[in-house]
Participant: 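My structure is below; once you've seen it, I'll send some questions.
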Amino acid sequence: MPSKRKNATKPETIPLSKPTKEDIPIEEQLRLINESGLVQKIPRKDNAPDSSEESSDLPDEIFHAILLIIPFSFLYLCLDIVIHQQYAQHPTWSEEITRMVKNVPILSVFIFYSNRHKSTQLGQALLFALSVIAGVCMIYQVNHAAWGVAMQQCPPLGTLWIYTIVQLDLLPAVLGLGVVFGGVRYLNLQITF
């Protein structure tokens, strides 16, 4: 005959499920993780940029670019209207809108990428060179080019010149304006009429 156990437990008291994380104290969880040695096997990348930082930088860059695109687009429009008025031309709304639709996307791409790299030495050097070239070319166009060429080239050159001066650090901006002034004097151009 089968013998009965003295300490037989009832089936209701035996747990039938795994313990959850809440059932194991945190100290015990940390001890088990450290003893397993799995944490030490994971390679660490200390120098690699965090992907969350990269994803948060792009919206900021787009926002900063938009903050510059809007005023410089209107600057382009103002320069275009002024140069047409200087030569007694009266463009229609559709002509101005057509010019804006053609030129603002190019200006937007240029502003986005130059604003992204303006703090580097190479970026500052390129912006300095562009400011000198755009400034001297614009003043030369106003003095010597035919009125049709001046109306086409002065608004983009003026916008580019002002934008590069705004984006440069103070010392390169002042030097750039000084070089443009020297170029104007050397070429014997008039700034005012």
Participant: Of the non-hydrogen atoms in A134 and L160, which two are nearest, and what is the gap between them?
Facilitator: CB-CD2, 4.0 Å
Participant: In Å and rounded to the nearest 0.5 Å, what is the NE2 to CD1 distance from H64 to I111?
Facilitator: 14.0 Å
Participant: With the side chain counted from C-beta on, respond yes when Y163 and S114 share a heavy-atom pair under 4.5 Å apart, and no when they do not.
Facilitator: yes
Participant: So N115 and E61, side chain to side chain contact (heavy atoms under 4.5 Å, CB included) or not? Walk me through it.
Facilitator: CA-CA 8 Å; N115 191 37; E61 289 176 359; over 6 Å; no
Participant: Could you check whether any side-chain heavy atom of Q89 comes within less than 4.5 Å of a side-chain heavy atom of W147, counting everything from C-beta outward?
Facilitator: yes
Participant: How far apart are the C-alpha atoms of Q190 and N143, what are their side-chain angles, what is the distance that settles it, and do they pass the side chain to side chain contact (heavy atoms under 4.5 Å, CB included) test?
Facilitator: CA-CA 7 Å; Q190 293 180 345; N143 281 269; 3.6 Å; yes
Participant: Does L30, at its CG atom, have more than 12 non-hydrogen atoms belonging to other residues, nucleotides or ligands within less than 6.0 Å?
Facilitator: yes
Participant: Using a 4.5 Å cut-off on heavy atoms from C-beta on, say whether the side chain of Q124 contacts that of Q121.
Facilitator: no
Participant: Could you list the residues that satisfy salt bridge (Lys or Arg N to Asp or Glu O under 4.0 Å) with E28, not counting sequence neighbours?
Facilitator: R31
Participant: Just one of V104, I97, T98 clears the side chain to side chain contact (heavy atoms under 4.5 Å, CB included) bar with V101, so which one?
Facilitator: I97
Participant: How long is the gap from SG on C154 to OH on Y87, to the nearest 0.5 Å?
Facilitator: 6.5 Å
Participant: Following the transitive rule for hydrophobic clusters with a side-chain heavy-atom cut-off under 4.5 Å over Ile, Leu, Val, Met, Phe, Trp and Tyr, establish whether I165 and I139 coincide in one cluster.
Facilitator: yes
Participant: Among the clusters formed by ILVMFWY side chains lying less than 4.5 Å apart, do L126 and V136 turn up in the same one?
Facilitator: no
Participant: Do any side-chain atoms of residues 65-77 form donor-acceptor pairs under 3.5 angstrom with protein atoms, and if so which ones, sequence neighbours left out?
Facilitator:
unit_1 : atom_1 : unit_2 : atom_2 : d
S73    : OG     : I69    : O      : 2.7
Y76    : OH     : N103   : ND2    : 2.5

Participant: Answer with yes or no whether the hydrophobic clustering places V174 together with L171; edges join I, L, V, M, F, W, Y residues whose side-chain heavy atoms lie under 4.5 Å apart.
Facilitator: no
Participant: Using the rule that two of Ile, Leu, Val, Met, Phe, Trp, Tyr join whenever any of their side-chain heavy atoms come within less than 4.5 Å, decide whether L107 and V166 are in one cluster.
Facilitator: yes
Participant: Should H84 and M151 count as side-chain neighbours, where that means a heavy-atom distance under 4.5 Å?
Facilitator: yes
Participant: What pairs with E95 under salt bridge (Lys or Arg N to Asp or Glu O under 4.0 Å), at least two apart in sequence or on another chain?
Facilitator: none
Participant: Step through the shown structure and confirm whether more than 12 heavy atoms of other residues, nucleotides or ligands are within 6.0 Å of OH on Y140.
Facilitator: no
Participant: Step by step, work out the side chain to side chain contact (heavy atoms under 4.5 Å, CB included) result for M138 and Q141.
Facilitator: CA-CA 5 Å; M138 188 189 86; Q141 294 292 335; 5.7 Å; no
Participant: Show, in sequence, the C-alpha distance, side-chain angles and deciding distance for F110 and T159, and conclude whether the side chain to side chain contact (heavy atoms under 4.5 Å, CB included) test is met.
Facilitator: CA-CA 12 Å; F110 175 73; T159 305; over 6 Å; no
Participant: Compare every heavy atom of A150 with every heavy atom of A145, then report the nearest pair and how far apart it is.
Facilitator: CB-N, 4.4 Å
Participant: For the CG atom of D80 and the CD atom of Q152, what is their distance to the nearest 0.5 Å?
Facilitator: 10.0 Å
Participant: Give, for atom CG of L58 and atom CZ of R116, the distance between the pair rounded to the nearest 0.5 Å.
Facilitator: 6.5 Å
Participant: Hey, quick one: are L79 and L157 part of the same hydrophobic cluster, counting side-chain heavy atoms closer than 4.5 Å, chains of contacts allowed?
Facilitator: no
Participant: Could you grab the distance from atom CD1 of I83 to atom CD of Q153, nearest 0.5 Å is fine?
Facilitator: 11.0 Å
Participant: Hey, could you give me the CZ/CG distance between R185 and L187, rounded to the nearest 0.5 Å?
Facilitator: 12.0 Å
Participant: With the side chain counted from C-beta on, respond yes when S131 and Q167 share a heavy-atom pair under 4.5 Å apart, and no when they do not.
Facilitator: no
